[in-house]
Number of protein chains: 2
Amino acid sequence: MAITIKDVAQLANVAPSTVSRVIANNPRISEKTKVRVRKAMSKLGYHPNFIARSLANQSTRIIGLVMPSSSNDYYQNPFFPTILQGLSEGAQENHYSLLLSTGKTEDEIYEGVVNMVQGGMVDGIILMYSRMNDHILTYLRERDFPFVIIGKPYDYIEEITYVDNDNVLAAEQATDYLIKLGHERIGFIGGDVTLVMTLDRLSGYERALKRAGIDRRGEYTLHEDFLHEGGQAAAKRLLSIEEPPTALVVSDDLMALGIVHSLREMGVRTPEEISIVSFNNVLFSELSLPALTSVDINIFDLGYQAAKGIIHMLQTGDAPAGTIIPHHFVERHSCRSIKQGAMAMTY
Amino acid sequence: MAITIKDVAQLANVAPSTVSRVIANNPRISEKTKVRVRKAMSKLGYHPNFIARSLANQSTRIIGLVMPSSSNDYYQNPFFPTILQGLSEGAQENHYSLLLSTGKTEDEIYEGVVNMVQGGMVDGIILMYSRMNDHILTYLRERDFPFVIIGKPYDYIEEITYVDNDNVLAAEQATDYLIKLGHERIGFIGGDVTLVMTLDRLSGYERALKRAGIDRRGEYTLHEDFLHEGGQAAAKRLLSIEEPPTALVVSDDLMALGIVHSLREMGVRTPEEISIVSFNNVLFSELSLPALTSVDINIFDLGYQAAKGIIHMLQTGDAPAGTIIPHHFVERHSCRSIKQGAMAMTY
DNA sequence: ATGAAAGCGCTAACAG
DNA sequence: CTGTTAGCGCTTTCAT
């Protein structure tokens, strides 16, 4: 058995409650005894027991992290660790810890969250994604349990604290960029259609086309899980269209890389024959060939602000509204102008 | 206040301890009362409180995860999330949770670990790296606290439970491969030199050279943090050598990508002018240009087995020895043969 | 300024 | 088979 508050109390000749007060740095304890107690603590190598404290306090200073159930893809994407780094830093600064949800299927994850919440393991939850009709979100709302969502809520946006980019605007700008380069046959390759992020980027894409007076073609929009097939399916589909697009807006760098790769295998070169702009600007976007033109969404900040947000909620009790993290466009070498007479922008 | 065991007891007309026994599915309770108690539980929506249980049991069913302090690089590398996925799956299967260490500096991390351990927050620890003279390792050993290390222990290898690849052999094979292709001027680009993994790969590289009767040249071995500079520094250094290497063994795919990129910018093409074999075989190794020849070290398994290992230790009390995860060589297009008369192996 | 005592919710002897 | 009781280690009234 480890050193407890009682051992310290005994050595310092005070009551356990006094030791507790010293730990909390209660001002009603005289400096003298504080010093004496602290000496006893370090002499014994005392360390407070978190579990006991949590039980008494009804608070653990632990934040639960919930990942989407399509975890395989999520884990593979550099998006995930970066956001985790942001969360970690935000938590650390306020002396909070992070508990990971495990579980592969949606049910397993749901159950895990219920255990975390009802089991009193966490003071708050961060949902690392936003999707439509999410059971977990509903559950947390019903119980009125503090949570922050990374991404734009699908419903009840006024009542939920979230951290997000302006994905509609970002996608609109990305599409605009392609339009300015002279492209009209522009496709959109999205990720998981149940994620609000995907929907937002799609509507930004549509808005840009509309404003430019370009008709949107159904066959130019693809939504699938291309990570594992490395974009093969998407590439084939695109090339089978009679009038294939000359440019693509791709919802994610890794997907973009897969598509570039597959198209190349089928003899279509980027950016010579097809221009691509993608999202996230992860580290390898810069290192790939061609280097990817990408929208940097400040992934780290997304995590950092989410951590700050939930901690703020827990400490003050009030729920800040949505926080929008700025994005910026990073032009590299995966797009070329197809205006008549323009120079090719190649690597 | 939430529903407690007492509420259930009252409704079911039994003592709290009986409810506790029903939760534990104690065989000494009659089916009748079990049913009655369970009915009461679901009627009230009872959920056991983890904290209280942990305090009484002196066990949390939580495993602490410790990442290296050079976290920036670590987080950026797809290695990290994949290993986490393995850990997560191994934990989930046994109903354990994962607590992340936060903290950027070595001191912060150390303090975090001490809090986890002495605070009773975790039953065991997984060190996600192995480095020489690690304070944390020493601390855990001194306290005789259960832990598993991912990577080969630098010291006391007989006394520590670990999960690792045979990195020496893997690097030897990778180097052999290049030698067989006719290369003699082979360089080695390692990562953090305090990581045992780096040392092992270096010695495998040296062993292969030695066996082939090739003198090792000091200037062919580079150790730096190339992630952020995208390999610029390494590329420059290599090209400044009078007789630059014709092939490289690179300790990590992401680094390899950075070097390929930088060399390309300086006019040196892979694999035409320089062959590269790297490690880890992360997803984008296949998608990059050229696709990287890489040693697949089964990252997921590394994590999965580590989780299994610590849980086994916790449940049985005995400490399994080292587990070696097999690796395999994945030949792609980043190397070419330079034997006289041989065909170039290009993409 | 400090001590005594109750209690956070659960488990585990010990009785019966 | 089930109830009683005493903790797990800490916090927090309520006294003094």
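First the proteins, then the strands, lettered A, B, ... as listed; each starts at 1.
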Checklist line | Length of the line joining A/Q118:CD and C/dG9:C1', which is rounded to integer Å | finding: 15 Å
Item checked: Side-chain donor/acceptor of A/T138 to backbone N/O of A/D134, under 3.5 Å -> yes
Check: For residues B/Y139 and B/Q118, is any side-chain donor paired with an opposing acceptor at under 3.5 Å?
Finding: yes
Checklist line | Contact under 4.0 Å: A/Q58 side-chain N or O vs D/dT11 OP1/OP2 | finding: no
Check: Rounded to the nearest Å, what distance is computed from the CD1 atom of residue A/I5 to the P atom of nucleotide D/dG9?
Finding: 11 Å
Margin query: Any donor-acceptor pair under 3.5 Å linking the side-chain atoms of A/N115 with those of B/H47?
Written below: yes
Check: Going by heavy atoms closer than 4.0 Å, what residues in residues 36-51 of chain B are next to DNA chain D?
Finding: none
Next item on the list: Using atom CZ of B/R61 as one end and atom C1' of C/dT11 as the other, report the distance to the nearest whole Å.
Entry: 15 Å
Next item on the list: Output yes when at least one side-chain N/O atom of B/T33 is less than 4.0 Å from OP1 or OP2 of D/dC1, else no.
Entry: no
Notebook entry, point to check: Can any side-chain N or O of B/R61 pair as donor or acceptor with the backbone N or O of B/N94 at less than 3.5 Å?
Noted result: yes
Check: Sub-3.5 Å donor-acceptor pair from the side chain of B/T82 to the main-chain atoms of B/P78, do we have one?
Finding: yes
Note to self: What contact category does A/V19 fall into here, base, sugar-phosphate, or nothing, at under 4.0 angstrom with non-hydrogen atoms?
What the structure shows: nothing
Next item on the list: Assess whether side chain to side chain donor-acceptor pair (under 3.5 Å) is satisfied between A/T105 and A/D107, documenting all intermediate values.
Entry: CA-CA 5 Å; A/T105 68; A/D107 287 345; 5.4 Å; no
Checklist line | Nucleotide nearest A/A15 (side chain, heavy atoms from C-beta), chosen from C/dG3, C/dC10, D/dT2 | finding: C/dG3
Margin query: When you compare the side chains of A/N25 and A/K34, does any donor N or O come within less than 3.5 Å of an acceptor on the partner?
Written below: yes
Next item on the list: To the nearest Å, give me how far apart CG (B/N25) and P (C/dC10) are.
Entry: 17 Å
Margin query: Nearest whole Å is fine: how far is D/dT2 C1' from B/I23 CD1?
Written below: 16 Å
Notebook entry, point to check: Does a salt bridge link B/D192 with B/R131, judged by any charged N lying under 4.0 Å from a carboxylate O?
Noted result: yes
Next item on the list: Estimate the overall bend of the helix from C/dA1-D/dT16 to C/dG16-D/dC1 from the end axes over five pairs each, rounded to 10 degrees.
Entry: 40°
Note to self: Go nucleotide by nucleotide along DNA chain D from the 5' end; which of B/L55 and B/N13 gets its closest nucleotide reached first?
What the structure shows: B/N13
Margin query: On a heavy-atom basis, which atom in B/L314 and which in B/D123 lie closest, and how many Å separate them?
Written below: CD2-O, 3.2 Å
Note to self: Less than 3.5 Å apart, any donor N or O on the side chain of A/Y304 or A/E93 sitting next to an acceptor on the other?
What the structure shows: yes
Notebook entry, point to check: Nearest-Å distance, CZ (A/R53) to P (D/dC8)?
Noted result: 18 Å
Check: Within the distance-only criterion (no hydrogens, no angle test), does the side chain of A/E108 pair as donor or acceptor with the backbone N or O of A/K104 below 3.5 angstrom?
Finding: yes
Notebook entry, point to check: Does B/T18 use its side chain to pair, donor to acceptor, with the backbone of B/V14 at less than 3.5 Å?
Noted result: no
Check: Does a nitrogen or oxygen in the side chain of B/S54 sit under 4.0 Å from OP1 or OP2 of C/dC10?
Finding: no
Notebook entry, point to check: In whole angstroms, how far is the C1' atom of C/dG3 from the CG atom of A/N26?
Noted result: 14 Å
Can you name the atoms? Protein N/O to nucleotides 12-15 of chain C N/O, anything below 3.5 Å, with the distance.
residue	atom	partner	partner atom	Å
C/dA13	N6	B/R21	NH2	2.8

Notebook entry, point to check: To the nearest angstrom, how far is B/K34 atom NZ from D/dC1 atom P?
Noted result: 9 Å
